[in-house]
There are 2 protein chains.
Amino acid sequence: MSAYDELMTFQRQTEALAQVAGRLGWDQETMMPPGAAEQRGEELGAMEEMLHARRTAPEVGQWLAAVEDSTLDAVGRAQMRHIRRNYERAVRVPAALAARIARTTSVAYGKWARARADEDFAAFAPVLSEIVALRREEAAHIAGAGDAYDALLQGYEPGATGAEVASLFDDLRPGLVALRAAVLDRPAPDPVSGSFDPAAQMVLSRRLAEVFGYDFDRGRIDKAVHPFSSGSGADVRITTRTAADDPFNCAYSTIHEVGHACYEQGIDAGYALSPLGQGVSLGVHESQSRIYENQLGRSRAFCHWLYGQMRDAFGDLGVTGEEAFYKAVNRVQRGFIRTEADEVQYNLHIMLRFDLERDMARGKLDVADLEEAWNARFAEDFGYPVDKPSNGVLQDVHWAAGLLGYFPTYALGNVYAGCLYLALQDDVADLDGQLARGDLSGATGWLHANVQRFGGLYEPRAVIEQACGFAPSEAPLLGYLEQKFADLYDL
Amino acid sequence: MSAYDELMTFQRQTEALAQVAGRLGWDQETMMPPGAAEQRGEELGAMEEMLHARRTAPEVGQWLAAVEDSTLDAVGRAQMRHIRRNYERAVRVPAALAARIARTTSVAYGKWARARADEDFAAFAPVLSEIVALRREEAAHIAGAGDAYDALLQGYEPGATGAEVASLFDDLRPGLVALRAAVLDRPAPDPVSGSFDPAAQMVLSRRLAEVFGYDFDRGRIDKAVHPFSSGSGADVRITTRTAADDPFNCAYSTIHEVGHACYEQGIDAGYALSPLGQGVSLGVHESQSRIYENQLGRSRAFCHWLYGQMRDAFGDLGVTGEEAFYKAVNRVQRGFIRTEADEVQYNLHIMLRFDLERDMARGKLDVADLEEAWNARFAEDFGYPVDKPSNGVLQDVHWAAGLLGYFPTYALGNVYAGCLYLALQDDVADLDGQLARGDLSGATGWLHANVQRFGGLYEPRAVIEQACGFAPSEAPLLGYLEQKFADLYDL
């Protein structure tokens with residue numbers, strides 16, 4: 001066997017084992033008996049330690065050194081690029097440091113949950129300081145003399161830099177702040193109201209998954225407290241949730257996770273269980289979930305179809321008709337919570353977190369000053385003060401989990417979704433006609449052909465640029481939002 | 001760290017990883033999307049290869065050599081006994097042979113299923129010959145000059161020998177053959193009839209699991225085509241099935257699997273994720289599932305309580321009263337299939353398989369002659385000829401899966417259950433009164449205190465002997481069956 005074949009065989013087993021570890025996470029959120037939590041921690045720890053040993057195995061370095069790039073085709077070169085990048089990141093971080101990060105973040109979750117319940121940021125600050133210090137140490141190992149934040153960010157979004165993201169966000173913010181102010185100045189539309197049987201919501205959830213192209217032969221839907229998509233290749237499972245007073249929570253959680261899942265299911269089957277066999281970055285992943293959920297799922301045309309489906313499923317929806325339904329779907333409201341935010345405000349929540357975490361990672365903001373900085377920035381962007389830490393700095397679990405550099409990928413996904421939607425509208429004839437009939441095949445087929453099937457073959461930004469035919473920028477997203485909400489709110 | 005501590009730490013991780021691999025099997029039978037089967041094969045293969053590498057790791061041999069038995073307490077010595085035995089079995093088998101067995105048995109499953117559907121033993125015989133040859137080769141590596149069948153048997157029932165089992169079965173068979181003939185000579189009781197809503201069956205299944213002491217905080221019940229119990233420690237899951245025309249299938253599958261699960265859940269928590277933290281052998285395991293299902297679950301006293309439960313759940317059961325219900329539960333019928341057999345006939349099915357597989361393993365019976373030998377023996381023990389291979393030599397999957405030496409543990413379990421029931425009746429005051437009230441706590445508490453909590457601390461036969469206060473033999477089982485069925489059938 002050649003060094004390339006040996007490496008790919010080893011890698012294939014590692015990917016298979018990583019799928020097993022990932023499914024443990026799915027099981028934990030959907031099936032696991034409550035009393036199994038502690039044992040599960042040991043199981044996950046053992047899987048992670050085993051996977052870490054494989055990812056940093058000296059043989060991988062030797063095989064990499066022995067592989068001559070010049071003899072490989074484009075697919076082989078892309079495989080090597082991923083393996084080399086992941087290997088180099090992994091071996092630069094001392095095992096003891098990785099273990100300390102794992103231990104600290106596992107303890108931090110409980111401290112964060114208690115601090116949030118107690119509305120007491122000071123109780124969480126010490127462990128967060130420790131996490132920031134540990135991840136800065138990790139970043140220094142990875143980046144050397146380079147930028148610490150970039151090293152963290154690139155763990156989720158290969159090739160991205162904090163400076164580029166900052167510049168993109170700086171271009172996006174003023175337009176969003178202005179649009180938000182204008183929209184909130186207008187009378188708020190009514191929400192839907194009625195009784196939404198959870199079982200009927202789950203039936204509609206399956207129907208929505210089907211029309212958006214989710215393949216149930218290679219997946220399944222269950223309920224979870226926080227919806228997620230999990231797995232790659234032939235086993236990509238999603239979860240959703242139901243709220244008795246809000247049918248949109250289930251419907252749009254489903255469509256969002258179906259976007260993630262269709263990306264994974266749509267990757268060229270020849271890449272399965274290889275580094276190319278999964279979504280190339282969190283940003284590109286989020287572009288798929290967001291365009292499914294928002295540009296397609298919350299469009300006027302699709303809402304026409306959805307209105308009929310929901311009336312069939314639930315009877316009276318408490319709105320005056322189709323137009324009122326469309327407005328209810330796209331309701332913009334004052335609020336504090338990122339996960340509840342609408343299309344107009346969501347990215348403002350992200351930018352706030354990005355700037356603060358970047359400053360922390362680069363040593364420009366102390367955790368001791370984080371709450372004050374959060375509150376000042378929130379007041380500036382949203383125009384009213386944070387009323388309590390659970391509505392502010394303690395609302396998200398990410399930092400407690402050690403996820404610094406993760407937040408901006410959400411907004412990058414929205415920006416990419418804006419770009420893709422612009423290109424897709426050009427290419428898919430009678431898109432709105434299709435959406436109004438509940439036919440998503442034109443749109444999802446375009447995304448499959450231009451983005452999803454490539455998996456990790458191209459770099460994140462490159463796959464978007466190639467699909468669109470232009471360099472990604474904030475302009476398409478901003479233009480789309482301004483036009484949609486001017487129409488909705490008579491601006 | 002001492003060699004003992006290092007070994008136990010390594011072992012603990014291996015056990016945690018084995019739990020993960022085991023849960024993949026549960027997922028496959030309950031949750032896995034159909035299109036994921038091929039990928040799952042790779043995932044399981046990667047887990048098995050990784051576990052095999054850990055089980056044969058040279059460090060384990062070094063640690064074992066460094067551990068001084070004399071410095072260990074009884075628990076430590078028992079741990080070392082298990083680890084040494086498993087290590088020595090594992091390292092004696094060449095990796096290439098283990099891989100060939102895995103590949104051959106994975107192919108054999110499909111061939112067996114097709115041959116069974118086609119009623120064509122000749123189509124299955126070649127791959128079965130190969131499996132028998134490979135497992136004989138494996139047995140020779142393990143046993144050296146010792147008995148090949150014993151080496152295979154001891155993979156499931158440590159300490160047992162084919163000669164002992166043969167002698168036990170020889171003592172059991174005449175009594176069973178005679179009892180069976182006498183019972184079948186009497187008029188058959190009526191079965192239950194009616195409509196048994198599957199959802200109501202599952203509600204009753206949960207109720208039965210509860211009264212038999214299954215801990216839902218550390219487990220769950222799902223449906224599967226072939227019911228099983230899976231996992232150890234804090235996550236022990238069971239499955240059951242429902243048949244619309246037969247409420248006993250679900251009820252007694254549940255009670256049987258609860259017996260297995262309560263053994264695992266009842267093991268001293270201090271043994272979790274160690275070699276002592278799981279049932280000590282398949283025979284002892286089956287003793288628990290069988291005594292729950294049969295001696296307790298099919299007793300006249302418990303049937304009094306169950307009759308009320310089933311009438312509440314399903315309404316009319318199509319029987320004339322409680323006595324007819326008890327007779328329907330314990331109905332003995334002519335048949336061909338092991339898994340459908342009653343208490344009287346089940347062990348005859350096992351003995352037949354034991355003798356044939358022992359002869360194959362010892363080179364005394366060719367696979368080419370297996371069908372003829374099966375049919376001759378069946379006619380001898382049951383008094384009528386096998387009508388087709390799917391009712392005979394092709395009915396069970398075990399041999400196709402390479403499981404030679406496994407069958408006798410079922411009957412050993414029944415023999416042990418007979419012994420335990422005799423001892424339990426002496427020790428638990430008013431047992432029948434308790435059972436008639438649906439109170440299993442006296443019986444299951446006795447089994448927990450005398451068998452289940454010890455896990456792997458004592459050898460299989462020793463734990464039964466210790467619990468009973470006498471050496472296990474066939475006599476208690478035979479006495480119990482003769483008395484019960486004489487009463488039921490007016491013999």
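Chain letters run A, B, ... following the sequence lines, proteins first and then strands; every chain starts at 1.
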So if I apply the side chain to side chain contact (heavy atoms under 4.5 Å, CB included) rule between A:V20 and each of B:L17, B:D27, B:V20, which one comes out positive? B:V20
If you tally heavy-atom pairs under 4.5 Å between each of B:E38, B:E49, B:R54 and chain A, the highest tally belongs to B:E49
Side chain, backbone, both or neither: which part of B:E15 has a non-hydrogen atom closer than 4.5 Å to chain A? neither
What's the shortest heavy-atom distance between A:A16 and B:E43, and which atoms? O-CG, 3.7 Å
Heavy-atom distance under 4.5 Å between the side chains of B:R237 and A:M31, does that happen here? yes
Looking at side-chain heavy atoms only, is the closest gap between A:R40 and B:Q19 below 4.5 Å? no
Can you name the nearest heavy-atom pair linking B:A234 to A:A36, along with the distance? O-CB, 3.3 Å
B:M32 versus chain A, heavy atoms under 4.5 Å apart: side chain, backbone, both or neither? both
I need the residue from B:R12, B:R218, B:R220 with the largest number of non-hydrogen atom pairs under 4.5 Å to chain A. B:R220
Just checking A:F216: does its CZ atom have more than 12 heavy atoms from other residues, nucleotides or ligands closer to it than 6.0 angstrom? yes
More than 12 heavy atoms of other residues, nucleotides or ligands under 6.0 Å from CZ of A:R89: yes or no? yes
Among the options B:G233, B:G219, B:G231, pick out the one with the most heavy-atom pairs lying under 4.5 Å from chain A. B:G219
Ranked by heavy-atom pairs below 4.5 Å to chain B, first place among A:D222, A:V236, A:D235, A:L44 goes to A:D235
Atom CG in A:L273, atom CD in B:Q39: separation rounded to 0.5 Å? 5.0 Å
